[in-house]
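To keep things clear, I will list the structure first and then write my remarks on it.
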Amino acid sequence: MLFFLCGRCFFLLYHIKPISKLPITETLKSFVYGLTLDISFASYITILIAALLPLLLVFKLNEKIVRNSILIYTSIWIILLAFAYTLDAELFSFWGFRLDNTLFRYTGTPAEMIGSAMSSPLWLLLPFFFIAAYIGFKIFKKYYFTFPFIHLKLWQVPIALFVAALLVIPIRGGLQQIPNNESVAYYSTIPILNQAALNPAWTLARSVIEQNGPDPERYRLIKSGDEDRIVRQRLIASALDSIPLTSTRPNIILIVWESLTAKVLNDTVTPGLNTLKNSGIYFSSMYASGDRSDKGLVALLSAYPAQPDYSIMTEPGKSRKLPFITQQLKGAGYNTGYIYGGELEFANMRSYMNYNGFDEIQGKFDFPEESWGAKWGAHDQFTFDRLLERANLQSKKANPFFYTLFTLSSHEPFDVPGRRVLAGSSKTIQFKNAHHYTDSCFADFIHKAQQQAWWNNTWIIVIGDHGHVLPGNEYANHTPDEFKIPMVWLGGAINQKRLVANTHSQIELAPSIAAYLGLKPAAFTFSKPINITDTTQYPAWYSFNDGFASVYNNKRFFMYGLNNQQITQQKKGITKQDITYAEAFLQVLMEDFYKK
């Protein structure tokens, strides 16, 4: 831990120029917020010795051999950590993020690596490396050899092993629902302070273990080299025939509804949304880009398609390079906020929302404990109440506002308060009851919002984060009905009622907002704005683990398996051009992902 403390000090001193302009109290917080990751990594290092030592001692092996083995093991870690902190301090100057597996993309070009290293201030970096390694080694050796070894009896070994196993708790960061990830260190709206709180050894180890993934060749299905042309020619945006807004700067509320599949949209389960969809613009053939919340949020806010084997939100070094509709809106004068009833550390959500540039980010611990459910966090009625409160407050300011609310209660285990509309205890019944509860919270919010002065200049967007196997299936089969989700545009700023039956994808929302407000839709390179009067059928592309699919209105689709490199299912009239486009889309996406 002392070693990590020194490494953090060196990082701050190395980047003293930008740090010195910030409040000292905020800078010091980086030491506090970084403790969780420091303790986690220290526990990783320690758990192997803690597990093996009781076994070594019970058999009374030569104490000198045991001591020297542990000393060698620790010395190797000291050298590796000193090198990691030294390298990280310099690389951050170029990358803007802490050490991760990006490092290994350059091992194939050693000449360039050496050239870059020689341009670094070696007079500062090398002394730190040698001094840190030397002092770390000397301090450990001094106190380590004065610590007495106690030979254990056989019956004491299980107790010692149990104590060693307790290190799993600090490794995962505690007993909370979501294990450690980088988001636990994100405490500020100033990016460099969040980066300063990270542990580079932790970020490097995590990215190597969890994110190296399959070889890029897995996604190279187009051999001609025409993949970019094939994709781009379909993404040429046509002129917008109609902009369905009464204002060039409406307030915008984006409600991302957990697991809102089109299969539950009816008068029994979601009577509120099912009625309200007729008072605005209802998109009946919208498809989610992926099958997880973290992928859906990125698809909506960054118009970035879901990757089959990855989630870009979990890799802050990559997600920071995405385009963000929130940043465009902020540039246009919007006040912004993000509200979620769960833990913001889920899938590195906090860091992603921080990169979005939200002025305020609220999560589980911003709500009183009595509002929490048994599993995840605050029930939807409390997050919708908070949204109404924030909208009322923001409406008193001169600038328009953009708020995103991500609901929670319709997530497993579906522990919602109040009366159940359907009797029974099956997963399907629980799922439907949970959506009915969220629908009641949503309808209540709309009813109250309609009575506010800001309603007439507000555009409300309701959309699912992803579909769901329920109701109907117990296991995912990745067919279009699992990915089909509703999208409804409501509010006083919407100037028409319309049913849009053409196929659309989540990734079209952000460029649509940008286009309708006269911002920069071209920043979102994987999609184009929705032209609500265009009747041309374009495919909705989505992905899942080990595969992807392309669908036209649920009547014509195909699914492709990456493991067996072949079409696994298809329906009605799929052409070779359809398949080529979907393969090219995947290839362009994954090439872009790997480059970030």
Side-chain angles (χ1 to χ4, degrees), residues 231-232 234-256 280-281 283 286-289 295-306 312-313 319-338 352-359 399-406 457-463 465 487-491 493-496 498 500 502 504-534 538 540-541 588-589 592 596:
V231 171
R232 298 307 167 199
R234 282 211 189 179
L235 293 179
I236 298 173
S238 59
L240 296 175
D241 300 327
S242 173
I243 295 179
L245 298 173
T246 60
S247 167
T248 58
R249 288 293 180 269
N251 304 311
I252 304 173
I253 294 176
L254 172 60
I255 298 173
V256 184
I281 301 176
F283 297 80
M286 175 66 63
Y287 287 87
S289 182
K295 296 182 179 184
L297 289 168
V298 172
L300 291 167
L301 295 172
S302 294
Y304 200 72
I312 197 169
M313 183 190 283
S319 64
R320 63 188 289 274
K321 300 174 186 176
L322 293 171
F324 302 102
I325 188 59
T326 314
Q327 289 184 356
Q328 289 199 29
L329 291 171
K330 279 174 63 88
Y334 278 74
N335 297 320
T336 62
Y338 178 80
Y352 173 72
M353 297 307 166
N354 192 281
Y355 290 137
N356 260 275
F358 282 107
D359 296 319
N399 293 351
F401 60 80
F402 170 63
Y403 264 83
T404 295
L405 169 68
F406 182 24
N457 188 42
T458 298
W459 175 14
I460 296 178
I461 303 164
V462 188
I463 189 170
D465 60 337
M487 181 168 75
V488 180
W489 292 354
L490 304 167
I494 295 297
N495 63 14
Q496 57 186 274
R498 181 186 290 268
V500 179
N502 286 358
H504 289 286
S505 170
Q506 277 181 322
I507 60 175
E508 296 173 61
L509 179 61
S512 299
I513 294 173
Y516 296 169
L517 272 58
L519 303 178
K520 299 176 181 178
F524 305 102
T525 58
F526 284 94
S527 61
K528 58 185 179 181
I530 295 173
N531 189 343
I532 59 175
T533 61
D534 187 0
Y538 297 102
W541 187 97
V588 173
L589 168 64
D592 182 82
K596 288 193 183 301

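Just so it is clear, the values below take in all heavy atoms, side chains as well, and ignore hydrogens, waters and symmetry mates. Positions are given from 1 along the sequence.
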- Message: For a side chain to side chain contact (heavy atoms under 4.5 Å, CB included) check, start with the C-alpha distance between Leu254 and Leu301, then their side-chain angles and the critical distance, and finish with the verdict.
- Response: CA-CA 10 Å; Leu254 172 60; Leu301 295 172; 3.9 Å; yes
Once side chain to side chain donor-acceptor pair (under 3.5 Å) is applied, do any residues pair with [X], and if so which ones, sequence neighbours excluded?
{"X": "Thr533", "answer": "Asp241, Asn531"}
{"X": "Arg234", "answer": "Tyr552"}
{"X": "Thr336", "answer": "Asp359"}
{"X": "Thr326", "answer": "Asn356"}

Kindly indicate whether the side chain of [X], heavy atoms from C-beta on, has any atom under 4.5 Å from the side chain of [Y].
{"X": "Val488", "Y": "Ile281", "result": "no"}
{"X": "Phe324", "Y": "Leu329", "result": "no"}
{"X": "Tyr538", "Y": "Asn502", "result": "no"}
{"X": "Phe283", "Y": "Ile463", "result": "no"}
{"X": "Leu300", "Y": "Ile325", "result": "no"}
{"X": "Phe406", "Y": "Met353", "result": "no"}
{"X": "Ile253", "Y": "Leu405", "result": "no"}

Roughly how far, to the nearest 0.5 Å, is [atom2] of [Y] from [atom1] of [X]?
{"X": "Arg249", "Y": "Asn399", "atom1": "CZ", "atom2": "CG", "answer": "10.5 Å"}
{"X": "Ile243", "Y": "Gln496", "atom1": "CD1", "atom2": "CD", "answer": "11.0 Å"}
{"X": "Ile494", "Y": "Leu245", "atom1": "CD1", "atom2": "CG", "answer": "5.0 Å"}
{"X": "Lys321", "Y": "Tyr304", "atom1": "NZ", "atom2": "OH", "answer": "10.5 Å"}

- So Trp541 and Val231, side chain to side chain contact (heavy atoms under 4.5 Å, CB included) or not? Walk me through it. CA-CA 12 Å; Trp541 187 97; Val231 171; over 6 Å; no
For the residue pair [X] and [Y], what are the closest heavy atoms and their distance?
{"X": "Trp489", "Y": "Pro244", "result": "CZ3-CG, 4.0 Å"}
{"X": "Phe358", "Y": "Thr404", "result": "CZ-OG1, 3.8 Å"}
{"X": "Asn251", "Y": "Tyr334", "result": "CA-CE2, 4.4 Å"}
{"X": "Lys528", "Y": "Ile236", "result": "NZ-O, 3.5 Å"}
{"X": "Leu509", "Y": "Met487", "result": "CD1-SD, 4.2 Å"}
{"X": "Pro250", "Y": "Ala493", "result": "CB-CB, 3.9 Å"}

- In chain order, what residues pass the side-chain contact (heavy atoms from CB on, under 4.5 Å) check against Ser289, with sequence neighbours excluded?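 For Ser289 the side-chain contact (heavy atoms from CB on, under 4.5 Å) partners, ignoring immediate neighbours, are Ala299, Pro305, Ala306, Gln506, Ile507.
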- Message: Taking salt bridge (Lys or Arg N to Asp or Glu O under 4.0 Å) as the definition, give me every residue that meets it alongside Asp534, ordered by chain and number, with sequence neighbours left out.
- Response: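 Residues passing salt bridge (Lys or Arg N to Asp or Glu O under 4.0 Å) with Asp534: none at all.
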Could you go through residues 513-526 and list every donor-acceptor pair under 3.5 Å that involves a side-chain atom there, pairing it with any protein atom two or more places apart or in another chain?
from   : atom 1 : to     : atom 2 : distance (Å)
Tyr516 : OH     : Ile530 : O      : 2.5

- Taking only residues two or more places apart in sequence or in another chain, which ones pass ring pair (Phe, Tyr, Trp, His ring centres under 6.0 Å) with Tyr403?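 In terms of ring pair (Phe, Tyr, Trp, His ring centres under 6.0 Å), with neighbours along the sequence ignored, Tyr403 is linked to no residue.
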